[in-house]
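Here the structure comes first, spelled out in structure tokens, and everything after it is commentary.
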There are 2 protein chains.
Amino acid sequence: MAKQRVTRTLVVEAAARHVNTYGFAALTLAPIAAKLGIKIPSLYNHVDGLDALQAALAGYGAQALFLRCQDAAIGRGGADALLAIAEAYRSFIILNPGIYAATLHPQSQPNPELVQANRSLMELLERILIPFELSGADRTHVLRGFRSIVHGFATLEESGAFGLPIDMNVSFQTIMTAYITSINKPRRAVSLL
Amino acid sequence: MAKQRVTRTLVVEAAARHVNTYGFAALTLAPIAAKLGIKIPSLYNHVDGLDALQAALAGYGAQALFLRCQDAAIGRGGADALLAIAEAYRSFIILNPGIYAATLHPQSQPNPELVQANRSLMELLERILIPFELSGADRTHVLRGFRSIVHGFATLEESGAFGLPIDMNVSFQTIMTAYITSINKPRRAVSLL
DNA sequence: ATAAGAAAACTAATGACTTTTGATTTTATA
DNA sequence: TATAAAATCAAAAGTCATTAGTTTTCTTAT
């Protein structure tokens with residue numbers, strides 16, 4: 001059985017696995033090529049250098065994050081949906097710390113795929129917030145708070161900054177619930193019966 | 001007038017300025033030596049290599065962060081103190097993003113100075129939380145939430161992730177106030193009159 | 001089936017940065 | 001003036017991304 005030839009997707013996926021294990025700072029061409037069983041220059045057949053690989057990884061990661069959050073919101077609304085998205089968001093960061101870091105890394109070139117994925121995520125959250133009937137500025141504040149808590153908790157958790165042997169899931173659930181409760185109550189769903 | 005000779009403190013301070021401008025990832029020996037007007041090997045007279053410099057910077061940063069938070073809490077208590085500490089914490093991160101990153105960077109060697117500074121900060125926060133009369137586990141949850149919000153908001157803000165032209169200070173104040181309000185009310189200070 | 005063309009992989013090499021060492025010289029201090 | 005500290009030169013040993021030119025390999029069309 002002949003070995004599968006390398007493709008651009010395989011390169012990005014190999015990079016994704018690598019940064020999740022060794023951190024985003026460890027993203028260099030050598031380990032990616034080795035993982036794929038090819039030499040470094042061959043990577044240039046699929047990706048236009050290291051910067052382009054970082055950019056591709058960022059877009060790939062942001063899209064994956066959005067899709068998981070979107071999936072978590074299916075069949076839920078209001079506070080339920082917010083909590084489910086928060087949990088999906090956090091678990092993505094914990095399971096993919098390197099990819100998530102790539103997502104946040106400043107881009108040397110405009111990155112439409114990354115921008116689009118981030119926009120999609122924001123639109124998803126704004127849609128969930130509709131029943132809360134917030135004013136424009138309040139919506140922004142609430143959104144920033146939501147991202148801050150999820151991002152902050154998950155990155156601190158992942159870095160090992162939370163030393164104590166107290167359950168992380170309980171902490172996150174408690175904090176998130178307290179925050180969501182502080183948002184004005186949504187009107188209940190309209191019954192069609 | 002003869003040039004001041006380099007000392008260990010000057011090295012750490014030069015490194016601090018450098019990472020705040022160019023990011024923690026850009027911490028290498030070359031720019032530090034150049035900034036001090038000496039050659040790279042001369043740095044080894046003051047610091048035992050790059051790892052040791054990173055470690056010194058982390059300790060220096062964590063201590064500075066603790067001192068600013070401690071200072072912010074003087075003359076305040078309860079929710080007031082929490083809000084003031086949060087603002088001091090956030091402004092430290094915004095003004096010193098590189099140093100703060102050094103603080104969070106995993107240490108290759110045990111770093112007693114860093115551990116001590118972090119412990120001091122935790123003890124300060126726990127002391128502020130006393131009047132809230134929280135149980136042991138609840139105290140941990142509240143503390144984790146506090147750090148998550150401040151760290152998350154400030155790092156996202158600093159990375160430019162908050163695009164909209166809505167005032168950051170208002171957002172932070174709003175979020176923090178909502179969170180602090182969600183903690184059980186502290187009993188008011190006992191009057192000695 | 002085979003020849004042509006394209007895509008992928010390779011070898012070789014360059015140039016720029018890294019950190020770190022050892023031995024030596026300069027400089028300040030006691 | 002003697003001693004210790006600081007700064008220096010020189011060099012090693014490594015990693016890094018990237019380019020150019022060449023060979024292999026697959027695919028496609030005749």
Side-chain angles (χ1 to χ4, degrees), chain A residues 1-60 98 101-102 105-111, chain B residues 1-60 98 101-102 105-111:
Chain A
M1 125 187 154
K3 238 191 284 186
Q4 156 128 7
R5 242 170 165 202
V6 169
T7 110
R8 180 185 163 91
T9 302
L10 285 177
V11 172
V12 175
E13 287 173 354
R17 279 194 302 277
H18 188 258
V19 296
N20 278 342
T21 305
Y22 300 101
F24 177 72
L27 178 56
T28 59
L29 297 183
I32 310 302
K35 219 176 277 245
L36 294 166
I38 62 178
K39 299 300 162 68
I40 296 176
S42 304
L43 287 174
Y44 285 79
N45 287 320
H46 309 285
V47 161
D48 192 19
L50 183 65
D51 277 7
L53 179 54
Q54 287 180 352
L57 191 59
Y60 168 86
H105 195 254
Q107 301 293 303
S108 58
Q109 301 281 335
N111 191 336
Chain B
M1 127 186 152
K3 237 189 287 188
Q4 155 129 3
R5 243 170 166 204
V6 170
T7 102
R8 179 185 165 90
T9 301
L10 285 177
V11 172
V12 175
E13 287 173 352
R17 278 194 304 276
H18 188 259
V19 297
N20 277 342
T21 304
Y22 300 100
F24 177 71
L27 178 56
T28 60
L29 297 182
I32 311 303
K35 216 175 281 241
L36 295 166
I38 61 178
K39 300 300 161 69
I40 296 175
S42 305
L43 286 174
Y44 284 79
N45 286 320
H46 310 283
V47 160
D48 193 18
L50 183 65
D51 277 7
L53 178 54
Q54 287 180 351
L57 191 58
Y60 169 85
H105 195 255
Q107 302 294 303
S108 58
Q109 300 282 335
N111 190 336

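Worth saying up front: this structure is predicted, and the values here are computed from it rather than measured. Chain identifiers are assigned alphabetically (A, B, ...) following the order of the sequence lines, protein sequences preceding nucleic acid strands; residue numbering begins at 1 within each chain. Keep in mind that the numbers below use all heavy atoms, side chains included, and drop hydrogens, waters and symmetry copies.
The line from CG of A:L53 to OH of A:Y60 is 12.0 Å long, rounded to the nearest 0.5 Å. Note that the CZ atom of A:R17 and the CD1 atom of A:I32 stand 9.0 Å from one another [nearest 0.5 Å].
A:H46 has no side-chain polar atom (N or O) that falls below the 4.0 Å cut-off from OP1 or OP2 of C:dA7. In terms of phosphate contacts, B:S42 brings a side-chain nitrogen or oxygen within less than 4.0 Å of OP1 or OP2 of D:dT8.
In this structure, B:N45 places its CG atom where more than 12 heavy-atom neighbours from other residues, nucleotides or ligands lie under 6.0 Å away.
In this structure, A:D51 places its CG atom 13 Å from C1' of D:dC16, rounding to the nearest Å. B:L36 places its CG atom 13 Å from the C1' atom of D:dA6, with the value rounded to the nearest Å. Atom CD1 in A:I32 sits roughly 15 Å away from atom C1' in D:dT15 (whole-Å rounding). For B:L29 and C:dT21, the CG to C1' distance is 14 Å, given to the nearest whole Å. If you measure from atom CD1 of A:I38 to atom P of C:dA7, you get 17 Å, rounded to the nearest angstrom. Across the protein-nucleic acid pair, A:L43 atom CG and D:dA20 atom C1' stand 17 Å apart, rounded to whole Å. Remark: C1' of D:dC9 and NZ of B:K39 are 9 Å apart, rounded to the nearest angstrom. Taking atom OH of A:Y44 as the reference point, atom C1' of C:dA13 lies 14 Å away to the nearest angstrom.
Taking only distance into account, the side chain of A:N45 meets the base of C:dA9 through a donor-acceptor pair shorter than 3.5 Å.
Nearest nucleotide to the side chain of A:L50, out of D:dT18, C:dT19, D:dT8: D:dT18. If you check C:dT21, C:dT11, D:dC26 against the side chain of A:R5, the one that comes closest is D:dC26. Among the nucleotides C:dT19, C:dA9, D:dC16, the one closest to any side-chain atom of A:T28 is D:dC16. Of the listed nucleotides (C:dT21, C:dT11, C:dA9), C:dT11 has the atom at the smallest distance from the side chain of A:P41.
Residues A:Q109 and A:D51 form no side-chain contact, since every pair of their non-hydrogen atoms from C-beta on lies 4.5 Å or further apart. You'll find the side chain of A:L27 reaches within 4.5 Å of the side chain of A:L50, heavy atoms only.
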